[in-house]
Amino acid sequence: MKASLLLAAGLLLASTASADERLPELPRLAIASGDTSVIGISSGGYMATQLAIAWPERFLGVAVLAAGPWSCAEGGLGQALGRCMATRRGSPDLDGLDVRLRDYQARDLVGDSESIAELRAFVWHGEADSVVDPSLGMALAEQLSGWLREPDEQLKLVKAPGVGHGWPITGDVQVPPSQMAQCDNGGGTHMLACGIDIAGEALAWLHGTLEPAQATSSAQLLRFDQAPFDARGLGDAGYVLVPDDCEAGGCSLTLALHGCGMAAEQIDEAFVRHSGLNEWAAANRRVVLYPQASSSLANPQGCWDWWGFAESTWQLDPLHDSREGTQVKALMAMIERLEETPEQ
């Protein structure tokens, strides 16, 4: 009996400790729905375009760093590696991808052409990128030019000479040296010491004139439980940057998607703290959502799903790049949670 009581007490204490350590839920912040943007790097760039094309009516604009055309992999890992990172299998077939888009539209799996045509887009690629061929960024810009109503007014393409694969940041961002990578080589954390404020450039193009970034602010970077947004390849915890004056509602939102090897489980909080987005967001009443992917045998680098690994293995057409994609659904559910009115 005594042993049983001790065992029960031990289980109770373990349960209580587990409950105490449980992450908080993603807050409801009554986000204004008309000024939402999505920005992503590498696999996050591919996912950013997937979201914007799936739900163009929900996004004002999309910014893509170091990634290629929408649906480039067409559900195949071989094509993802051989045509959408390197180009040894040739360049992406933009005409074929246009047919894929029309087929998806006929099945209501992505947004209509009129809504896609209204998006603003920012495309950036380092010309020394040895991970994703720079020609793929040019192909994305060409693809979007064919879909936007006035591409000269809505699309900005930036080619960065001598810059490798990663997210460039300025010297003003206080990043520990161990979390920095060389501008031309990339690697490591993929946080590139280039003296380029890519966060400010992208946000200004998508949203217009901004208030100057705040080097210091009282914004809170919160870690939240991603379990309610269950999807294969999603990490246990995500992050959200909430400026103090956004807690009462009415702020705008930017969704920021890390690249392969850039999740918190791999580079700690380097990306979520030092992307440069937080300083601009705090000064411009903008919440930043940093969801997190996780690594696995099917996805060892912790990439976002841009080739179909997160869908059922028996699916010939995985639909990862559509409204039915499991990760697309999860990310949109996070946005919807942030748009909800806080509970009184």
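This chain uses plain numbering: 1 for the first residue, then up along the sequence.
A side-chain donor-acceptor contact under 3.5 Å links Asn284 to the backbone of Glu211. Using modelled atom types, no side-chain atom of Arg120 and backbone atom of Ala63 make a donor-acceptor pair closer than 3.5 Å. A donor-acceptor pair under 3.5 Å links the side-chain atoms of Trp205 to the main chain of Gln154, judged by distance alone.
A continuous path of ILVMFWY side-chain contacts below 4.5 Å connects Leu257 to Val123, so both sit in one hydrophobic cluster.
Between Met138 and His125, the shortest heavy-atom distance links the atoms CE-CB, 4.0 Å. In this structure, Val288 and Ala281 approach most closely via the heavy-atom pair CG2-CB, 3.5 Å. Of all non-hydrogen atoms in Phe309 and Gly233, the two that sit nearest each other are CE1-CA, 4.3 Å. The two atoms that bring Trp70 and Gln143 nearest to each other are N-OE1, 2.8 Å, heavy atoms only. Across all non-hydrogen atoms, the minimal contact from His274 to Gln179 is CD2-OE1, 3.6 Å. The minimum heavy-atom distance linking Ala193 with Met180 is given by the pair CB-CE, 3.0 Å.
In this model, a donor atom of one side chain and an acceptor atom of the other lie less than 3.5 Å apart for Arg286 and Thr254. Checking Gln220 against Glu247 by side-chain atom types alone, a donor-acceptor pair falls below 3.5 Å.
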Do Arg285 and Asp35 pass the salt bridge (Lys or Arg N to Asp or Glu O under 4.0 Å) test, and can you show the C-alpha distance, the side-chain angles, and the key distance before you say yes or no?
-> CA-CA 11 Å; Arg285 301 193 73 244; Asp35 191 35; over 6 Å; no

Working for salt bridge (Lys or Arg N to Asp or Glu O under 4.0 Å), residues Glu74 and Arg83 = CA-CA 10 Å; Glu74 298 183 77; Arg83 185 171 279 190; 5.3 Å; no

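Note: Ser295 OG to Glu265 CD = 3.5 Å, rounded to the nearest 0.5 Å. Leu277 contributes atom CG, which lies 10.5 Å from atom CG of Leu255 (distance to the nearest 0.5 angstrom). Atom OG1 of Thr87 and atom CG of Asp133 lie 4.5 Å apart (nearest 0.5 Å). We find the CD1-CG distance between Ile39 and Leu65 to be 5.5 Å, quoted to the nearest 0.5 Å. The line from CG of Leu192 to CD1 of Ile169 is 8.0 Å long, rounded to the nearest 0.5 Å. Going from atom OG1 of Thr209 over to atom CG of Leu203 covers 12.5 Å, rounded to the nearest 0.5 Å.
Here Leu109 pairs with Tyr104, Arg107, Leu319, Ser322, Glu324 under the side-chain contact (heavy atoms from CB on, under 4.5 Å) rule; sequence neighbours left out.
Results of the side-chain contact (heavy atoms from CB on, under 4.5 Å) test with Phe229 over Met332, Glu336, Met334 single out Met334 as the only residue that passes.
Using cut-offs of 30° and 60° on the angle between ring planes, the pair Phe271 and Trp167 is perpendicular.
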